[in-house]
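The structure under discussion appears below in the form of structure tokens.
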Amino acid sequence: MTIDFRSDTVTKPTPAMLEAMMRAPVGDDVYGEDPSVNRLEALSAELFGMEAALFCPSGTMTNQIAIKVHTVPGDEVICDFNAHIYQYEGGGIAFNAGASVRLLHGDRGRFTSIQVAEGINADDVHKARTSLVCLENTTNRGGGACYELKDVEDIRALCDRQGIALHLDGARLFNALVAKGQSAKDYGRLFHTISICLSKSLGAPVGSLLLGPKDFIRKARRVRKVFGGGMRQAGFIAAAGIYALENNIDRLSEDHDRAAQIASALDGLSYVERVLPVETNIIIFEVKAPLTAAALVEQMKGAGILAYAIEPLKVRLVLHLDITPEMVTRTIDVLSGLNPAS
Ligand SMILES: *Cc1c(COP(=O)(O)O)cnc(C)c1O
């Protein structure tokens with residue numbers, strides 16, 4: 001048995017999800033004629049209390065489209081040093097939008113309105129124009145940390161005063177909503193645009209959504225075409241997204257409980273230096289040098305457990321729909337039995 005904690009993207013559709021996909025009514029979505037895509041877009045916009053939504057192949061695309069539409073070349077985007085849009089999107093902010101970045105050094109990927117204020121450039125010909133602030137919730141490289149709503153409200157108020165747009169990379173937003181008892185509408189009201197992934201912990205095989213005002217989504221639809229993201233009978237995968245939104249949100253707390261269980265087992269182990277606080281479905285822990293994350297991941301692989309070395313000393317495990325309670329027990333047994341330093 002292989003137990004795959006590399007990411008929550010590795011889930012496979014369940015029989016019920018596959019059934020929903022096979023039954024999906026479809027049409028050509030580039031013509032706006034796919035009923036399943038249209039339903040998914042309407043449903044998600046409604047869920048967040050936002051005007052419109054756009055179905056895209058990936059979260060990288062929804063983020064990059066948002067950045068492209070919010071900025072003009074030469075603008076500056078404020079984000080955390082650990083943000084996915086900066087770390088893991090292939091330099092897309094420069095490549096796609098011709099924008100530069102101002103990196104903030106937040107607390108596990110989260111920053112405050114005070115930090116944002118320090119990052120905003122003065123209205124001065126020497127300076128790039130700060131036109132966009134991007135938050136990530138939950139934070140990926142921050143180990144699934146969540147924002148408090150109050151901190152987001154402060155950042156939004158600052159953006160409003162300065163005429164700056166606010167985008168949320170909400171690849172794992174539903175984990176935050178469940179963990180914090182917040183609502184999608186809280187976020188719909190606080191952000192100009194939101195990206196959510198259906199292909200992460202919600203268990204759909206493919207797909208992300210960009211949410212925002214109608215005129216923004218109209219522009220985003222053009223950019224999606226330019227980026228090569230106009231899909232034809234995409235209703236088959238949109239149906240998986242509808243199924244995921246209707247069935248897989250409440251169960252996320254199970255992933256959070258299992259992550260907490262594994263984290264507390266890791267906490268006492270001889271080769272573990274420290275475990276980052278676990279708030280949702282991501283565990284990040286640091287190994288004791290001279291042991292390296294890569295060496296530990298290799299040993300774990302030998303025992304059938306897959307994880308990801310995100311830094312020389314840091315290992316990441318992500319819980320998801322396909323991890324059962326038995327797998328959690330087995331993982332704890334294996335990790336407790338390893339003696340990698342010797
Ligand atoms: C996974 C992820 C994305 C999008 O990734 P894709 O693989 O392109 O769908 C965006 N932001 C964060 C924080 C992520 O973890």
Side-chain angles (χ1 to χ4, degrees), residues 4-11 40 44 53-68 77-93 95-97 101 103-104 106 108-111 132-147 152 166-177 179 187 191 193-211 220 223-224 227-229 231 234 237-238 240-241 244-245 252 255 259 276 279-284 307-308 310-311 314 316-321:
D4 197 344
F5 292 106
R6 285 172 304 169
S7 177
D8 43 10
T9 54
V10 301
T11 54
L40 172 62
S44 57
L54 183 68
F55 185 50
C56 291
S58 73
T60 298
M61 190 181 282
T62 44
N63 280 331
Q64 290 299 319
I65 291 173
I67 294 165
K68 175 71 187 160
V77 176
I78 294 181
C79 68
D80 191 86
F81 169 75
N82 277 311
H84 192 280
I85 58 166
Y86 174 69
Q87 292 276 353
Y88 295 130
E89 296 186 8
I93 298 175
F95 190 98
N96 297 314
V101 287
L103 299 176
L104 303 181
R108 291 192 291 135
R110 297 163 304 184
F111 48 75
L132 178 64
V133 174
C134 293
L135 267 62
E136 190 173 300
N137 198 21
T138 71
T139 63
N140 179 341
R141 286 177 60 88
C146 308
Y147 271 91
V152 181
L166 185 59
H167 171 72
L168 174 66
D169 176 355
R172 295 188 181 83
L173 181 62
F174 290 101
N175 293 88
L177 299 183
Y187 283 82
F191 287 88
T193 53
I194 297 177
S195 158
I196 57 167
C197 288
L198 303 162
S199 58
K200 295 262 163 85
S201 32
L202 293 185
V206 182
S208 291
L209 288 156
L210 178 61
L211 301 138
V223 177
R224 183 185 68 174
F227 284 0
M231 298 183 285
I237 52 174
L245 287 175
L252 291 173
D255 295 343
L276 260 61
E279 295 183 36
T280 52
N281 67 327
I282 302 179
I283 305 163
I284 293 178
Y308 180 40
I310 58 162
E311 276 178 33
K314 279 186 185 157
R316 188 188 77 172
L317 302 178
V318 187
L319 273 287
H320 54 75
L321 197 58

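When a ligand or atom number is given, it counts from 1 through the structure's own listing order. What you see below is based on every heavy atom in this structure, not just the backbone, and it leaves out hydrogens, waters and symmetry mates.
Nearest protein heavy-atom contact of atom 1 (C) of ligand 1 is K200 NZ, 1.3 Å. Distance from atom 11 (N) of ligand 1 to its nearest protein heavy atom, with residue and atom name: D169 OD2, 2.6 Å. Of all protein heavy atoms, the one closest to atom 8 (O) of ligand 1 is T60 OG1, 2.5 Å. Protein heavy atom closest to atom 9 (O) of ligand 1, with residue, atom name and distance, is G59 N, 2.8 Å.
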Step by step, work out the side-chain hydrogen bond (donor to acceptor under 3.5 Å, both in side chains) result for Y187 and N137.
CA-CA 10 Å; Y187 283 82; N137 198 21; 2.9 Å; yes

How far apart are the C-alpha atoms of V152 and F191, what are their side-chain angles, what is the distance that settles it, and do they pass the side-chain contact (heavy atoms from CB on, under 4.5 Å) test?
CA-CA 9 Å; V152 181; F191 287 88; 3.5 Å; yes

CA sep, side-chain torsions, deciding dist, call: N82, R108, side-chain contact (heavy atoms from CB on, under 4.5 Å)
CA-CA 8 Å; N82 277 311; R108 291 192 291 135; over 6 Å; no

Determine whether T62 and L209 satisfy the following criterion, side-chain contact (heavy atoms from CB on, under 4.5 Å), listing intermediate values before the conclusion.
CA-CA 7 Å; T62 44; L209 288 156; 5.6 Å; no

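Using a 4.0 Å cut-off between charged side-chain N and carboxylate O, D80 and R141 make no salt bridge.
Applying side-chain hydrogen bond (donor to acceptor under 3.5 Å, both in side chains) to R172 and the options T139, T138, D8 leaves one that passes, D8.
Each of the atoms 13 (C) of ligand 1 lies under 4.0 Å from some heavy atom of E136. Near S58, meaning under 4.0 Å from any of its heavy atoms, are these atoms of ligand 1: 8 (O), 9 (O).
Taking a 4.0 Å cut-off on heavy atoms, M61 fails to register as neighbouring ligand 1.
Annotation: N140 places an N or O atom under 3.5 Å from an N or O atom of ligand 1; distance criterion only. Checked by distance only, ligand 1 and R172 come closer than 3.5 Å through their nitrogen or oxygen atoms.
Only side-chain heavy atoms of N63 come within less than 4.0 Å of ligand 1; its backbone N, CA, C and O stay farther off.
A donor-acceptor contact shorter than 3.5 Å links the side chain of R110 to the backbone of C146.
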